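Worksheet: one structure, shown below.
The model shown is predicted, which means the values in this text are computed figures rather than measured ones.
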Amino acid sequence: MLTDHWCASLDATIQLRTGCNPLERHGPQAVDVHVDAWAPVSAVTDPHDIRRVVDYEVIFQAIRRLEQNEHRTCLESSILEVMDAIFSIAIVTEAQVSLRKPHVYQGQGVPAILLRLTRAQWNALPR
C-alpha cells in the first residue's frame with residue numbers, strides 16, 4: 001500500500017469477446033474489471049477537484065472501448081489497453097488492473113488476470 005497517495009478505484013462489468021480458449025469462443029461474456037490508480041498527494045494542486053487527482057472518465061472510456069472491439073483475442077491485450085489509458089493521466093505514478101471472467105467455466109474455475117505497474121515500469125515496456 002502506498003502512503004501519501006490518492007488511490008482512485010473504478011469497478012465495471014462489461015461484455016467482452018475473447019477467445020484464448022475454446023470454452024471462451026461462444027461470444028461476448030461478462031468480465032469484471034477493477035482499476036486502482038495511485039497519485040501522490042503532494043502533486044495534487046486542488047484535492048477538491050477530482051479531475052486534478054485522477055480523471056475517472058478517461059479510465060471508464062478505455063474500459064468501454066474494449067467492448068467495441070469484436071476482434072479482441074485475450075485478456076492480456078485488454079489489460080494493456082486499460083493500462084495505457086491510465087498512464088495517459090500525467091499524475092498517476094502506479095496502477096493496478098484486474099480482469100475476471102466469472103462465468104466461463106460454469107463455476108468450476110474463474111479465469112482472471114491482474115497487472116500492477118509503476119509508471120517507470122510501464123514506460124520501459126517495448127511498444
Side-chain angles (χ1 to χ4, degrees):
M1 180 176 190
L2 297 174
T3 59
D4 297 335
H5 280 66
W6 290 98
C7 178
S9 295
L10 182 70
D11 289 299
T13 299
I14 61 174
Q15 293 294 314
L16 189 62
R17 178 185 304 276
T18 63
C20 297
N21 183 299
L23 293 172
E24 301 176 58
R25 293 190 179 145
H26 302 292
Q29 299 164 340
V31 174
D32 296 326
V33 182
H34 178 80
V35 174
D36 290 321
W38 288 273
V41 170
S42 61
V44 177
T45 56
D46 182 1
H48 300 288
D49 181 356
I50 194 63
R51 290 186 181 270
R52 300 234 187 249
V53 180
V54 173
D55 191 344
Y56 290 100
E57 186 69 18
V58 170
I59 300 168
F60 180 75
Q61 291 303 323
I63 292 168
R64 283 289 173 237
R65 275 193 303 275
L66 295 176
E67 289 184 302
Q68 299 166 4
N69 186 346
E70 292 183 9
H71 303 292
R72 174 87 35 226
T73 58
C74 63
L75 292 179
E76 290 82 358
S77 61
S78 298
I79 210 166
L80 292 174
E81 195 170 321
V82 175
M83 274 290 185
D84 193 44
I86 295 167
F87 283 118
S88 75
I89 303 169
I91 197 166
V92 173
T93 57
E94 189 168 335
Q96 177 174 296
V97 177
S98 66
L99 302 175
R100 181 177 167 273
K101 298 170 90 172
H103 304 297
V104 174
Y105 300 110
Q106 292 85 32
Q108 298 174 22
V110 178
I113 184 170
L114 178 126
L115 181 62
R116 183 173 181 160
L117 295 171
T118 64
R119 179 174 292 280
Q121 290 169 318
W122 176 252
N123 290 338
L125 290 176
R127 298 215 175 56

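In this structure, CG on L115 lies 7.0 Å from CD1 on I113, to the nearest 0.5 angstrom. Here the straight-line distance linking atom CZ of F87 with atom CG of L117 works out to 6.0 Å at 0.5 Å rounding. Atom CD1 of residue I86 and atom CG of residue D55 lie 12.0 Å apart, to the nearest 0.5 angstrom. For the atom pair CE of M83 and OG of S88, the computed distance is 12.5 Å after rounding to the nearest 0.5 Å.
Partners of T93 under the side chain to side chain donor-acceptor pair (under 3.5 Å) rule, at least two apart in sequence or in another chain, do not exist in this structure. With sequence neighbours left out, the side-chain contact (heavy atoms from CB on, under 4.5 Å) criterion links L114 to Q96, S98. In this structure D32 satisfies the side chain to side chain donor-acceptor pair (under 3.5 Å) test together with T13, R100, sequence neighbours excluded. Applying the side chain to side chain donor-acceptor pair (under 3.5 Å) criterion to R64, with sequence neighbours excluded, gives E67. Q121 is linked by a side chain to side chain donor-acceptor pair (under 3.5 Å) to T118, counting only residues two or more places apart in sequence or in another chain.
When all heavy atoms of L80 and W122 are compared, the closest pair comes out as O-CH2, 3.5 Å. Closest non-hydrogen pair, L75 versus K101, comes out as CD1-CD, 3.8 Å. The heavy-atom pair separating A43 from I91 by the smallest distance is O-CD1, 3.7 Å. Contact detail for P102 and A30: the closest heavy-atom pair is CD-O, 3.6 Å. Between Y56 and A8, the shortest heavy-atom distance links the atoms OH-CB, 3.6 Å.
The list of salt bridge (Lys or Arg N to Asp or Glu O under 4.0 Å) pairs with a residue in residues 85-97, not counting sequence neighbours, reads E94-R116.
Using a 4.5 Å heavy-atom cutoff, the side chains of L99 and V82 are not in contact. Side-chain atoms of I59 and I63, non-hydrogen and from C-beta on, do get closer than 4.5 Å to each other.
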